[in-house]
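Letters A, B, ... are given to chains in the order of the sequence lines, protein chains preceding strands, and every chain is numbered from 1.
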Protein chains: 2
Amino acid sequence: MTARPDTPRSRRERPAKPALSRAAIVAAAVAVLRAEGLQKVTMRRLAQELDTGPASLYVYVRNTAELHAAVLDELLGTIGPVPAEGSWRERLVQVLTAYTAMLFQHPSLARSALTAWPSGPHYLNLIETLLALLDEGGVPPAQAAWGVDLLLQQATATAAEHSAEDTTQDDWDALTDALRNVSDRTHPHIAARSGELLSGAGEARLSWRFQALINGIERTAVPN
Amino acid sequence: MTARPDTPRSRRERPAKPALSRAAIVAAAVAVLRAEGLQKVTMRRLAQELDTGPASLYVYVRNTAELHAAVLDELLGTIGPVPAEGSWRERLVQVLTAYTAMLFQHPSLARSALTAWPSGPHYLNLIETLLALLDEGGVPPAQAAWGVDLLLQQATATAAEHSAEDTTQDDWDALTDALRNVSDRTHPHIAARSGELLSGAGEARLSWRFQALINGIERTAVPN
DNA sequence: ACCTGAACACCGTTCAAGT
DNA sequence: ACCTGAACACCGTTCAAGT
């Protein structure tokens, strides 16, 4: 047994400069995301974290969008298995809710997922799971295929909507004001139900959305 | 009649420096959007266009997100009136399609609309229109109210998905490859219908989505 | 009240040069 | 092949000072 002569245990406090790799970059990205949010997951910040220059990252990652997609796939690994109990509908809603809940914790990631599609292993597993549940429910294959797309997009978009950054509260206030103060001469339907337009705790509304989507997917045939 | 002594017709070619106002800023933003896309609609660029410094714009506009919302409301004014012919369903789909088509021309605007909600007059008109059509179709008011939300979000998210910038094509390729090369031992449902998952011209798929949504909204009661 | 120059604190990405 | 320093071409927003 010869002692390894290189990497002399401690030059400073960092445990020798870690080798650069795609996995190391994604891991650093997840750590920064958890600690400080997606807006800090930048090439420059990650480079700093990995003790190198931003240009070095481009050997492993095409651009920022691809990096975000990789981060999302990573987090998809945390949402756990399909519940064993309940009807296919209940289990389907539970899986979708788990996916949405994860994204709610990182709404800006949801935002970027809307345009930069992940294609990693965890995303594929999720698609497989949803297809299996719709199949179990007797939804015709073609409808199920298009339905999975619709369900995932809906869940992602709902989470993305909450990506506040700063002004979302103001936007919401502006919209609720506008809806409440509308004239019932020009906008009778809004005036008649501004209550309902604005009502609904997030959870009830989200679950209604999933139900409506599933009902629609079940009943709507694909052309040809 | 005395000649106005100020603003001496032409000092250079600009027709005297135009007065700053919210309307002028939004108009400049729309022009830049049309000519060069949303990524160029920045505070700095607009300031340059209006012959001032970026700081001056903050007198009229809270931030970039609010500016984008104002631009969207402006464009909403261009989508035209509800068609007079057809069943309420057909007209509903036509309005939604017109909204989506407009956003398809500016997908990055759709992306920003997902988080920065407009609350301008054109947006209110759109909500009123959709409510009226659902009402005509006999959809119960509470369902209609939540349904409008769902329909608009769906349309916006679909357009946002196409906000390419650069890598969307690569993402798509990566995902199609991943779906096609999946093992039918680990992912039998995907393997069995990778064709259907990927199939469908945009238009057929979009119209299926609207139909599925409307069917679901019609049939899904709001809790309580 | 409205407007501004200048500054603060950042970005993504490319490229030529090194190892 | 992998890694890098340095540069290019930008951002949003704030603030103290002016009119």
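- If you check dT13(D), dC3(D), dC3(C) against the side chain of Y60(A), the one that comes closest is dC3(D).
- When the P atom of dG12(D) is taken as reference, atom CG of L57(B) falls 10 Å away, rounded to whole Å.
- Rounded to whole Å, atom C1' of dT4(C) lies 14 Å from atom CG of L50(B).
- Residues that satisfy the salt bridge (charged side-chain N to carboxylate O under 4.0 Å, His left out) test with D149(B), not counting sequence neighbours, are R205(A), R209(A).
- M102(A) is listed as a side-chain neighbour of L72(A), based on a closest heavy-atom distance under 4.5 Å.
- Across the protein-nucleic acid pair, M43(A) atom CE and dC11(D) atom C1' stand 17 Å apart, rounded to whole Å.
- We find that NE2 of H68(A) is positioned 11 Å from P of dC11(C), with the value rounded to whole Å.
- For E36(B), the side-chain hydrogen bond (donor to acceptor under 3.5 Å, both in side chains) partners are R45(B), not counting sequence neighbours.
- By the side-chain hydrogen bond (donor to acceptor under 3.5 Å, both in side chains) test, Y123(A) is found to be paired with no residue, residues two or more places apart in sequence or in another chain being considered.
- The P atoms of dC10(D) and dA9(C) are separated by 23 Å, rounded to the nearest whole Å.
- In terms of the side-chain hydrogen bond (donor to acceptor under 3.5 Å, both in side chains) criterion, S112(A) has no residue partners (sequence neighbours excluded).
- Note on residues 94-103 of chain B: no pairs pass salt bridge (charged side-chain N to carboxylate O under 4.0 Å, His left out), not counting sequence neighbours.
- At least one side-chain nitrogen or oxygen of T64(A) sits closer than 4.0 Å to the OP1 or OP2 atom of dT13(C).
- The salt bridge (charged side-chain N to carboxylate O under 4.0 Å, His left out) analysis of residues 20-33 of chain B, with sequence neighbours excluded, yields the pairs R22(B)-E66(B).
- Between L20(B) and V59(B), the closest side-chain pair of non-hydrogen atoms is not below 4.5 Å.
- Rounded to whole Å, the distance from CG on N63(B) to C1' on dT14(D) is 13 Å.
- Stem analysis of DNA chain C (Watson-Crick or G-U pairs, both distances under 3.5 Å, runs of at least three) returns C:4-8 with D:12-16, C:12-16 with D:4-8.
- Remark: F104(A) engages H162(A) in a ring pair (Phe, Tyr, Trp, His ring centres under 6.0 Å) (not counting sequence neighbours).
- With a 4.5 Å cut-off on side-chain heavy atoms, L213(A) and L150(B) count as touching.
- What separates OH of Y58(A) from C1' of dC15(C) is a distance of 13 Å, to the nearest Å.
- Straight-line distance from the CD atom of Q39(B) to the P atom of dG12(D): 12 Å, rounded to whole Å.
- Between Q48(B) atom CD and dT4(C) atom C1' the separation is 16 Å, expressed in whole Å.
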For nucleotides 16-19 of chain D, tabulate all protein N/O to nucleotide N/O atom pairs closer than 3.5 Å, reporting atom names and distance.
none

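- Considering only residues two or more places apart in sequence or on other chains, A178(A) meets the side-chain contact (heavy atoms from CB on, under 4.5 Å) condition with S119(B), L124(B).
- Candidate nucleotides dC2(C), dT13(C), dC11(C) were compared by shortest atom distance to the side chain of R45(A), and dC11(C) ranks first.
- Residues satisfying the side-chain hydrogen bond (donor to acceptor under 3.5 Å, both in side chains) test with Q211(B), not counting sequence neighbours, are R89(B).
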Atom pairs, N/O to N/O, protein against nucleotides 5-10 of chain D, distance under 3.5 Å?
none

